[in-house]
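Report on the structure given below.
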Amino acid sequence: MKLSNYIGGQWVEPENGRYIPDVDPGNGEVLAEVADSTRRDAERAILAAKEAYDSWRKYPAPKRGEILFAAGHILQAKKHELAQKMTREMGKVYTEAAGDVQEGIDMAFYMAGEGRRSFGYTTPSELPDKFAMATRDAIGVAGIITPWNFPMAIPTWKIFPALVSGNTVVFKPASETPLLAYELVKILAEAGVPDGVVNLVFGSGDEVGETIISDPRVNLISFTGSTQTGRHVAQVAGEELKRVSLELGGKNAIIVLDDANLELAVEGILWSAFGTSGQRCTACSRLIAQEGIYDRLEKSLTERIARLRLGHGLDDSTDVGPLITEKAVDKVHSYVEIGQNEGARLVTGGNRPSSSGSLGKGHYYTPTLFADVAPTMRIATEEIFGPVLSMIRVKDLDEAIRVNNGVAYGLSSSIFTQDVNRVFRAIRDLATGIVYINAGTTGAEIHLPFGGTRGTGNGHREAGTAALDFFSEWKAVYVDYSGRLQRAQIDA
Ligand code: UN1
């Protein structure tokens, strides 16, 4: 199977005719061949999006919404098939892949409804016989650059609000997950998205990504990925004064206080730290435990982690799938060595599984727990993006909050306690964009704002109506029906 670009409503070969393999990280199987496009292909896509913009922005928003409804129904009908493909292409276990597709379905229906809302507001004028209102306008061509860890959810979080707001799209998915991007764009075309409104270009960040962020015809950029790349995106796009939304790294923590329900906390920790093999921006990689519960928590977690089964995500008995690439495995392992050199205590995991069995062909790493981690160690401050959890001991809630807030990121945080007073202090003081009470750090729902503070981004939020604030701009409209010149601020 060959995955070509989709430009101006046509599936087209990359100009250089080059394709590279798309590989299953769980067993090395080649799933498809994907276009390795260049700057020229990206420029064609940008031109197509630019040309389609004027008629799309004038296409009634409720009708744009209806196309998203149709896309939502197709996604729903194909949920199982798409989830299976996602597991094979990205590695996460089937149930989690199905959840990823479900986020896309939820976002389709939510944003479809926005076609009949996208509320602005009216407000009184300071002058008589004059009417004032604020409406939302489309912006232009949206450059959408997405990561591999949520191959359906994240593209839909960006593309659907972009479309319902009247923008056209140039979409560059991560090189590791082209198949799901291809499926999504096929569904959008089938749902009735007009030619040129959504364009898909496969290829590297250096060629395709760089063109999208620097080309002046692209008006806004929505990017999810590493903090390092995000900084570069902001710099390049900033030159052209583009609107830029960045969703970057995390170093999310779960706080467990002495009075917590221990079993519930353990479930939440395992799910947040080792689900998707720790490859979520929202994954929990720090466990901040109060001293009275620390040892019991460590013991219980150690037993449970030892029972987690590694394997291919389509195998029913698998709890933890592979990492995305061998390079990712190397990075995770280097952090394990860093942790040991820093003096943290490796409790369990910390190695590649033996390469003799079926795991030998994939990129696996054993779920890993470190204890006696100091809050300033590198394993407790830098994003690892793998199945590595660091336990930090604290005296009380105040220290827990200080440790939680003491990193360069601020996406998600969580606290387990039964004390309502401490719950509300935590809600007030945890400096992250998402806060969970008695639940892990993952599992954001699509109708609430998603995003983080500090190094996690640049202040924008995705999902919910917050997404419309990024993908549209305000137009203030004054209608004077007095029939004479009325001067604001001057005529009493
Ligand atoms: C991400 O890891 O980039 O809250 C997104 C969650 C998911 C989305 C994660 N709904 O974990």
Side-chain angles (χ1 to χ4, degrees), residues 75 79 83 86 90-93 95-111 144-161 173-174 176-177 180-181 184 222-227 229-230 233 245-254 267-286 320-321 323-324 328 383-389 409-414 430 432-437 439-453 455-458 460-464 466-467:
L75 282 166
K79 179 174 172 181
M86 187 186 301
M90 182 274 160
K92 65 174 82 177
V93 297
T95 43
E96 293 180 35
D100 189 326
V101 177
Q102 186 60 44
E103 279 198 54
I105 297 167
D106 295 342
M107 192 56 98
F109 292 141
Y110 182 84
M111 285 299 162
I144 306 282
I145 305 178
T146 59
W148 46 264
N149 68 333
F150 277 80
M152 184 58 75
I154 293 179
T156 63
W157 293 2
K158 298 180 189 299
I159 294 173
F160 295 172
E176 293 82 355
T177 50
L180 266 286
L184 174 60
S222 180
F223 169 83
T224 298
S226 74
T227 299
T229 310
V233 170
S245 167
L246 303 171
E247 201 54 63
L248 311 174
K251 192 68 194 176
N252 314 296
I254 291 178
E267 295 297 335
I269 294 161
L270 291 170
W271 176 236
S272 304
F274 303 115
T276 320
S277 309
Q279 302 171 109
R280 293 184 182 224
C281 330
T282 53
C284 167
S285 60
R286 296 184 296 156
V320 181
L323 298 188
I324 189 73
E383 186 174 49
I384 300 174
F385 226 63
V388 180
L389 180 63
Y409 301 105
L411 182 54
S412 176
S413 57
S414 131
L430 289 169
T432 53
I434 305 170
V435 172
Y436 288 95
I437 309 301
T441 54
T442 63
E445 300 175 26
I446 65 95
H447 52 302
L448 279 82
F450 183 92
T453 62
T456 292
N458 61 344
H460 289 288
R461 293 290 183 270
E462 306 201 86

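From a predicted model like this one, the values you see are computed outputs, not experimental measurements. Heavy-atom basis, side chains included; hydrogens, waters and symmetry copies ignored. Each ligand, and each atom within it, is numbered from 1 in the order the structure gives.
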Among Val233, Ile144, Asn458, exactly one meets side chain to side chain contact (heavy atoms under 4.5 Å, CB included) together with Phe223. Which residue is that? Val233
So CE of Met107 and CE of Met152: to nearest 0.5 Å the spacing works out to 13.0 Å
Do the non-hydrogen side-chain atoms of Asn252 and Ile434 ever get within less than 4.5 Å of each other? no
Partners of Trp148 by ring-ring contact (aromatic ring centres under 6.0 Å, His included), sequence neighbours excluded? Phe385
All side chain to side chain contact (heavy atoms under 4.5 Å, CB included) counterparts of Ser285, not counting sequence neighbours: Lys251
ring-ring contact (aromatic ring centres under 6.0 Å, His included) partners of Phe450, counting only residues at least two apart: Trp157
Output for ligand 1, non-hydrogen cut-off under 4.0 Å, lists Glu103, Asn149, Phe150, Ile154, Trp157, Arg280, Cys281, Thr282, Thr442, Gly443, Ala444, Phe450
